Amino acid sequence: MSGYKDFLIDVDDFAVNIGPQHPSTHGVLRILAKLDGETVISAEPIIGYLHTGMEKFAEFRTYHQAETITDRMDYVSGASNNLGYILTVEKLCGVKPPKKAEYVRVILAELTRISSHLVWLGTHAVDLGALTEFLYCFRERELILDIIDTMAGSRMTPSFFRVGGIAMDVHQDFINKIRDFIKIFPEKISEYEALLTKNKIWLERTKNIGVISAEDAVSFAFTGPNLRGSGLKYDIRKINPYSSYEDFDFDIPAGDSGDVYDRYLVRIEEMRQSLKIVAQAVENIPEGVYLSYDEYPQYVIPPKKRALTTMEGMISLFKYGMDGIKPPKGEAYVSIENPRGELGYYIVSDGSAFPYRMRVRSPSFCSISAICKMCKGYLLADLVSIIGSIDFLLGESDR
Amino acid sequence: MIFWLITTLVKILIIFGVLLLAAAYLTLLERKVAARIQNRLGPMEAGFHGLLQPIADGIKLFFKEDIVPADANKILFILAPIVVVIPVLTTFAVIPFGAPIKIFGHIVPLQITNVNIGILFILALSSLGIYGVVIGGWASNSKYSLLGAIRTVAQMISYELSLVLSIIGVIMIAGNLSLAQIVSSQAHMWFIVYQPIGFLIYLIASTAEMNRVPFDLGEAEGELVAGFHTEYSSMKFAFYFIGEYGQIVVNAAIITTLFLGGWEGPFLPSVLWFVIKVFLVILIYLWFRWTYPRLRYDELMDLGWKILLPLSLANIVVTGFIMVLLGK
């Protein structure tokens, strides 16, 4: 039998290694937490366990091929990531998509936002021990993924947008499914809230936990719901509208104290607002073409029907497939409002069919960097609640 | 004398078997209830609607590799799961599970032994089970386990007092510590009517005693991976589960005996009444688990010391006051 000293754990310098494999680090984040009893003295986030080199990877893909990489970075909100990328390439080429395509893009991006928030809500609740919420959220997420599947042909990684439009025309099945979803979803949100929002235990676990002031949030480059939870109404959809967001009427929810509970309320309200946008967009989809091939035949692929029935359509489709599009020399940066915050793409073109350099401004990366600041002085149990509340995704932060 | 010996042995065997079987099938019930709450089906593959699932789980756990961590204190590490299970099984010795029956002219009480300090016996044993958790968490030599054990200690101090004090009201009314007496004094009216607050406090405190959501701090999976039993595997792990689920049955039985009139009830056989009541109380525990988030351990201590303890003291005072007023 070993002596007493051998199994005495050093309690003076009590470091707990949370992750990379841990139930509540949402992927492979590793947190080196120094504890005093259960109080967190410091929590150092260590990333890089999911590094896939996607920015570099894009340099060896044509512009349309590289789009499929982007939805694998943030695999919970694929369409949103595609949108940012496609807008950047369109800016590079100077292409303006038709209104119809913009509306469909908005619908898919907002549905993705809802599904991403559902994943967040479910996992956040599981971290705090409310196991049932998770399955309720995933039940509705399934409906959303089904809608995306109807339109794009895949559930989580749509890659449905093309430079100058979308890959396929909208069809009635898609519209009907969204209408059904809009009908049922508001009461489902109330159902989620019934379990948590006024729950005494939930309030105790989230109120005044992980407080980050608006100044600190800005200096850590927070964006998205995390920043809005601290009270700043910063939303790129309002400040710098892209893809026809100026057409829609929606509010930006904001918290005031910047604690876990505020971030929770902001995201719940954002789901409602996103649903409002989807409802407006789906009822007002304009008539017309879905690819602006006629205006920019150089950059935009021909619609499928024309490619199969006309000679010049067939030739240009073949050319896009073989050569890809070649944007003029230059650089472009576009940022959009991802479910997690401001997602920016910076692409440099050297005039060839491949991006010379692609750089992604990831919202998760910035929020992870603030974990130490937010957790200091709270308990280990709060660490989990804080990590859950900032809703990061390692695939996107490591890229 | 021989007759007494035989009947007692038979009763022990029955209780032992039923309790272990109930603990096993409680896992299935929990999964089915959880599935019902969460819009799922639960286990469906093993047997009809998953009826053989607990047996499959048991076989699986039995054949798993039994791992003892290199730096663990082996003796304590093996001792801990045993310490969890034994008190649970022993507690049932004093709980009356049916009206006395007549066999060959002898009256046989459906209770292994009627100790005249039954309640004290139960309280003593139920707090013993916690040592298994603490010892196991410490002996594993793992930080997560240690944190789980520390939390369990903090938790034990906070609920234990109010758990005991919540029963005092019942004892005052019944005027007896023997469980058989307590049951028979509820023949006309259940004690939950006289002691609603005592019942609620006992329900909450016993949930904390069993380490279940919303008080499952010792094994908070989101925080401590699996808490005190992180390093356990195979049958040692299964022992913790038998202990946990056995404890649910025992606690439900205690609540039934103290507050819900035990085996008393019209028309149906007394044993059936007992089983029905226990089952309903178990459902309440399961319902808790699948609805609530988890408390933080300092919040649990707040709850224990600032709310439950004063409340249970007040309950005793009020009960005594009313009893004096009514001249009982």
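What you see is a predicted model; the values in this text were computed from it and never measured. Residue numbers begin at 1 in each chain, while the letters A, B, ... track the order of the sequences.
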(Q) If I measure from the heavy atoms of chain B, does A:Leu196 come under 4.5 Å with its side chain, its backbone, both, or neither? (A)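 Contact with chain B: side chain only.
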Check: residues 39-47 of chain B side-chain donor-acceptor pairs under 3.5 Å, at least two apart:
unit_1: B:Arg40; atom_1: NE; unit_2: B:Gln38; atom_2: OE1; d: 2.9
unit_1: B:Arg40; atom_1: NH2; unit_2: B:Gln38; atom_2: OE1; d: 2.7

Q: Heavy-atom pairs under 4.5 Å with chain B are the metric here; pick the option from A:Ile387, A:Leu383, A:Leu379, A:Leu195 that has the most.
A: A:Leu379
Q) A:Asn17, A:Val16, A:Asn199, A:Thr132: which one forms the most heavy-atom pairs within less than 4.5 Å of chain B? A)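 Heavy-atom pair counts peak at A:Thr132.
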Q) Is the distance between the ring centroids of A:Tyr264 and A:Trp202 less than 6.0 Å? A) yes
Q. Would A:Val260 and A:Arg263 count as a side chain to side chain contact (heavy atoms under 4.5 Å, CB included) if you check the C-alpha gap in whole Å, the side-chain angles of each, and the deciding distance to 0.1 Å?
A. CA-CA 5 Å; A:Val260 174; A:Arg263 292 194 277 277; 3.8 Å; yes
Q: Would you indicate whether the side-chain heavy atoms of A:Trp120 and A:Arg267 approach each other to under 4.5 Å?
A: yes
